[in-house]
Amino acid sequence: MVAPVWLAGGGHGEGFFGSAALTRAVGDNFVAFWNTGDTAVPTGMNDLVQYWTRYHVAKAVLSGLLLIVLTVLAVRLWKPTVNSAIATRRRRMAGMAGATATAGGFGAALLLMANVQGAVAPLSSLLSVVPSASDDPAVGRVQAQVEQQLRTGDTSRPALARMVADFGTYHAVLAVAALVLACVAVGFSVVIGRSFVRTPRLDRATRRTTALASACLAIVGIGVIILAAANIGNAIEPAHALLLFYAG
């Protein structure tokens with residue numbers, strides 16, 4: 001995580017979620033943000049939000065590059081598995097390597113989705129690193145007020161209105177990204193499924209490989225569609241989703 005921190009401008013630590021200094025800064029500025037009566041984010045909080053945006057943009061670029069590399073590698077590794085002229089053992093090894101690269105590619109895709117989400121809606125992402133109530137009583141008091149106002153349905157407070165709107169965007173972005181990934185997974189499943197149908201029945205090794213790959217991609221696609229549906233619901237009712245976030 002050193003590279004994204006450096007690319008984002010540094011100054012807030014190098015851990016997965018930053019550092020203790022970042023956590024304290026977010027906690028202090030979250031309290032100040034909550035207490036402001038203006039719709040504008042205070043300077044201190046705005047600086048952190050801008051840093052968090054740059055941090056996730058840097059991670060998104062790195063994740064995208066990794067996804068491209070793994071996608072190209074997976075395609076090259078899968079090709080020998082459907083070539084009956086190649087020895088069965090070699091095709092099996094290529095299939096195992098291709099499956100590994102494909103799994104890594106989907107992992108990179110998930111990282112890309114999460115970082116695009118954090119870059120587009122940095123406030124909601126940043127608030128996930130606030131210190132716990134036990135570590136910072138002031139933050140605990142604010143979180144209790146947030147939960148109380150969300151339960152009453154009163155989102156007129158400027159800070160809360162901004163948080164609810166950003167949380168809706170946060171989930172809408174992930175819903176769109178998940179639908180795109182689902183379409184890709186299902187599309188590849190269909191293409192590989194057609195390859196399975198065209199493969200001669202005597203070529204059992206190729207048929208097993210294509211059938212398994214098509215089924216796995218279909219399952220992944222269905223799972224991502226469920227993820228998208230959940231986030232669509234949260235995007236439609238962001239206040240309720242934010243309440244669940246704070247109520248645990």
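Every heavy atom of this structure was used, including side-chain atoms; hydrogens, water molecules and symmetry mates were not.
Of all the heavy atoms in Ala239 and Leu150, the pair that sits closest is O-CD2, 3.9 Å. Closest non-hydrogen pair, Ala159 versus Phe33, comes out as CB-O, 3.5 Å. Shortest non-hydrogen contact noted between Thr210 and Arg207 is OG1-O, 3.1 Å. Between Phe30 and Leu127, the closest heavy-atom pair is CD1-CD2, 3.5 Å.
Just one of Thr36, Val164, Asn35, Val146 meets the side-chain contact (heavy atoms from CB on, under 4.5 Å) condition when paired with Arg157; it is Asn35.
Applying the side-chain contact (heavy atoms from CB on, under 4.5 Å) criterion to Arg76, with sequence neighbours excluded, gives Val72. Partners of Asp154 according to the side chain to side chain donor-acceptor pair (under 3.5 Å) rule, which considers only residues two or more places apart in sequence or in another chain, are Ser156. With sequence neighbours excluded, the residues forming a side chain to side chain donor-acceptor pair (under 3.5 Å) with Gln145 are Trp34, listed by chain and number. Judged as a side-chain contact (heavy atoms from CB on, under 4.5 Å), and not counting sequence neighbours, the contacts of Asp166 are Ala121, Leu123, Ser124. For Glu147, the side chain to side chain donor-acceptor pair (under 3.5 Å) partners two or more places apart in sequence, or in a different chain, are Arg151. Residues satisfying the side chain to side chain donor-acceptor pair (under 3.5 Å) criterion with Asp135, sequence neighbours excluded, are Ser132. Residues satisfying the side-chain contact (heavy atoms from CB on, under 4.5 Å) criterion with Arg198, sequence neighbours excluded, are Arg194, Ser195. Not counting sequence neighbours, Ala161 has no partner by the side-chain contact (heavy atoms from CB on, under 4.5 Å) test.
Taking the side chain as every heavy atom from C-beta outward, Asn29 and Asn46 never approach each other to under 4.5 Å. Residues Val130 and Gln143 are in side-chain contact: their nearest non-hydrogen atoms beyond the backbone lie under 4.5 Å apart. Put simply, the side chain of Asn234 does not reach to within 4.5 Å of the side chain of Phe245, judged on heavy atoms.
Pairs engaging residues 101-119 under the salt bridge (charged side-chain N to carboxylate O under 4.0 Å, His left out) rule: none recorded [sequence neighbours left out].
Hydrophobic clustering (ILVMFWY, side-chain heavy atoms < 4.5 Å, transitive): Val49 and Val31 are in one cluster. Connection of Val142 to Met45 is established within a shared hydrophobic cluster, with ILVMFWY side chains joined at heavy-atom distances below 4.5 Å, either directly or through further cluster members. When hydrophobic clusters are built by joining Ile, Leu, Val, Met, Phe, Trp and Tyr residues whose side-chain heavy atoms come closer than 4.5 Å, directly or via intermediates, Leu22 is not grouped with Val57. Connection of Val120 to Val61 is not established within any shared hydrophobic cluster, with ILVMFWY side chains joined at heavy-atom distances below 4.5 Å, either directly or through further cluster members. Residues Val139 and Phe167 are members of one and the same hydrophobic cluster, defined by side-chain heavy-atom contacts under 4.5 angstrom among Ile, Leu, Val, Met, Phe, Trp and Tyr.
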Using residues 168-192 as the side-chain source, report each donor-acceptor pair under 3.5 Å to any protein atom, sequence neighbours left out, with the distance given to one decimal.
{"from": "Thr169", "atom 1": "OG1", "to": "Ala165", "atom 2": "O", "distance (Å)": "3.2"}
{"from": "His171", "atom 1": "ND1", "to": "Asn231", "atom 2": "OD1", "distance (Å)": "2.7"}
{"from": "Ser189", "atom 1": "OG", "to": "Ser214", "atom 2": "O", "distance (Å)": "2.7"}
{"from": "Ser189", "atom 1": "OG", "to": "Ser214", "atom 2": "OG", "distance (Å)": "3.2"}

Output side-chain donor-acceptor pairs under 3.5 Å for residues 97-110, partner residues at least two apart or in another chain, one line each.
{"from": "Thr100", "atom 1": "OG1", "to": "Met96", "atom 2": "O", "distance (Å)": "3.0"}
{"from": "Thr102", "atom 1": "OG1", "to": "Trp78", "atom 2": "NE1", "distance (Å)": "2.8"}
{"from": "Thr102", "atom 1": "OG1", "to": "Gly98", "atom 2": "O", "distance (Å)": "2.7"}

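In this structure, Leu66 CG and Leu112 CG are separated by 10.0 Å, a value rounded to the nearest 0.5 Å. For the atom pair CG of Leu212 and CG of Leu217, the computed distance is 9.5 Å after rounding to the nearest 0.5 Å. Rounded to the nearest 0.5 Å, atoms CG (Asn115) and CE (Met113) are 11.0 Å apart. Here the straight-line distance linking atom CZ of Arg208 with atom CZ of Phe196 works out to 11.0 Å at 0.5 Å rounding. Taking CG from Leu48 and CG from Leu126, the interatomic distance works out to 6.0 Å, rounded to the nearest 0.5 Å. Atom CD of residue Gln148 and atom OH of residue Tyr246 lie 15.0 Å apart, to the nearest 0.5 angstrom.
The backbone N or O of Gln149 sits less than 3.5 Å from a side-chain atom of Thr152, completing a donor-acceptor pair.
Grouping Ile, Leu, Val, Met, Phe, Trp and Tyr by side-chain contacts under 4.5 Å, direct or through others, leaves Val69 on its own.
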